[in-house]
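In what follows, a structure is listed as structure tokens, so that the remarks can point back to it.
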Amino acid sequence: MTSTAKTVVRDAAIVYGLTFAAGLCMAAAGITLENNSSTAYLCNLLSGVLGFTLVGTRLSANRAEHLAWVAATLWTFNLTNIALGLQTSSAWIHSGLTILLMASLGGSLAMILTLTSAADRRT
């Protein structure tokens with residue numbers, strides 16, 4: 001593993017914090033899974049993609065491996081939702097697919113952004 005455990009946990013905390021903050025904002029705005037599930041899901045997805053993009057742009061090598069470790073750590077962090085009774089175990093298992101989607105989109109966007117900025121520096 002090329003990423004250090006400290007870096008992976010820090011980056012997972014960044015993504016977790018952004019999705020948590022987005023959830024608080026949605027709750028304050030009255031958007032819940034019960035009354036507007038598509039908006040809540042999209043907002044959660046976009047906040048996660050933003051987090052993975054921020055984390056991914058900080059890396060120049062081994063981005064995919066690092067983001068995979070961050071995604072796995074983030075998914076493990078979400079076990080606390082089961083312990084607190086906020087999520088069922090089956091919903092937690094299904095959330096892994098959303099986290100994979102967040103990591104894939106965020107990692108792709110990070111790659112595009114870093115390629116663009118590298119090309120700008122060369123010209």
Side-chain angles (χ1 to χ4, degrees):
M1 179 171 110
T2 57
S3 299
T4 65
K6 182 179 175 181
T7 305
V8 169
V9 170
R10 180 202 63 204
D11 290 347
I14 289 170
V15 178
Y16 188 88
L18 283 170
T19 57
F20 184 79
L24 287 177
C25 291
M26 286 187 299
I31 300 170
T32 64
L33 284 173
E34 289 79 25
N35 67 11
N36 202 339
S37 60
S38 60
T39 302
Y41 180 79
L42 185 61
C43 201
N44 183 43
L45 181 69
L46 291 176
S47 64
V49 168
L50 175 64
F52 277 102
T53 302
L54 288 173
V55 168
T57 55
R58 298 168 53 142
L59 302 168
S60 58
N62 302 318
R63 181 180 291 126
E65 179 186 358
H66 179 75
L67 292 180
W69 281 109
V70 171
T73 305
L74 178 64
W75 193 48
T76 305
F77 281 177
N78 287 336
L79 279 172
T80 58
N81 294 338
I82 295 172
L84 296 173
L86 302 173
Q87 188 177 33
T88 64
S89 57
S90 63
W92 174 75
I93 291 169
H94 289 107
S95 72
L97 296 174
T98 301
I99 292 172
L100 283 174
L101 183 59
M102 288 175 184
S104 299
L105 292 173
S108 298
L109 190 56
M111 183 183 67
I112 291 168
L113 290 172
T114 55
L115 289 176
T116 303
S117 64
D120 289 342
R121 278 185 254 135
R122 282 184 260 170
T123 58

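Since this is a predicted model, take the numbers as computed values, not measurements.
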Looking only at non-hydrogen atoms, find the nearest pair between [X] and [Y] and report the distance.
X: Asn78; Y: Gln87; answer: O-OE1, 3.9 Å
X: Leu67; Y: Val55; answer: CD2-CG1, 3.8 Å
X: Asn36; Y: Ile31; answer: O-CG2, 4.1 Å
X: Ile82; Y: Thr88; answer: CG1-O, 4.0 Å
X: Cys43; Y: Met26; answer: CB-SD, 3.2 Å
X: Ala71; Y: Ala103; answer: CB-CB, 4.1 Å

Check your understanding: Are the side chain of Asn81 and the backbone of Trp92 linked by a donor-acceptor contact shorter than 3.5 Å?
Key -> no
Nearest 0.5 Å, what's the [atom1]-[atom2] distance between [X] and [Y]?
X: Phe52; Y: Thr19; atom1: CZ; atom2: OG1; result: 9.0 Å
X: Leu59; Y: Glu65; atom1: CG; atom2: CD; result: 10.5 Å
X: Thr98; Y: Trp75; atom1: OG1; atom2: CH2; result: 11.5 Å
X: Leu113; Y: Ser108; atom1: CG; atom2: OG; result: 11.0 Å
X: Leu18; Y: Leu50; atom1: CG; atom2: CG; result: 5.5 Å
X: Leu46; Y: Met102; atom1: CG; atom2: CE; result: 9.0 Å

Considering residues at least two apart in sequence or located in another chain, which fulfil the side chain to side chain contact (heavy atoms under 4.5 Å, CB included) criterion with [X]?
X: Ala27; result: none
X: Leu100; result: none
X: Thr80; result: Tyr16
X: Leu101; result: Tyr41, Leu45, Leu105

- Query: Do the side chains of Arg58 and Ile14 get nearer than 4.5 Å, heavy atoms only?
  - Reply: yes
- Query: Do Thr76 and Leu79 touch side chain to side chain, with heavy atoms closer than 4.5 Å?
  - Reply: yes
Excluding Leu33, membership of its hydrophobic cluster (Ile, Leu, Val, Met, Phe, Trp, Tyr; side-chain heavy atoms within less than 4.5 Å) reads none
So the side-chain hydrogen bond (donor to acceptor under 3.5 Å, both in side chains) pairs with at least one residue in residues 44-54 (sequence neighbours excluded) are none
For this session: Kindly indicate, with the supporting measurements, whether the criterion side chain to side chain contact (heavy atoms under 4.5 Å, CB included) is fulfilled by Val9 and Phe77.
Result: CA-CA 10 Å; Val9 170; Phe77 281 177; 4.1 Å; yes
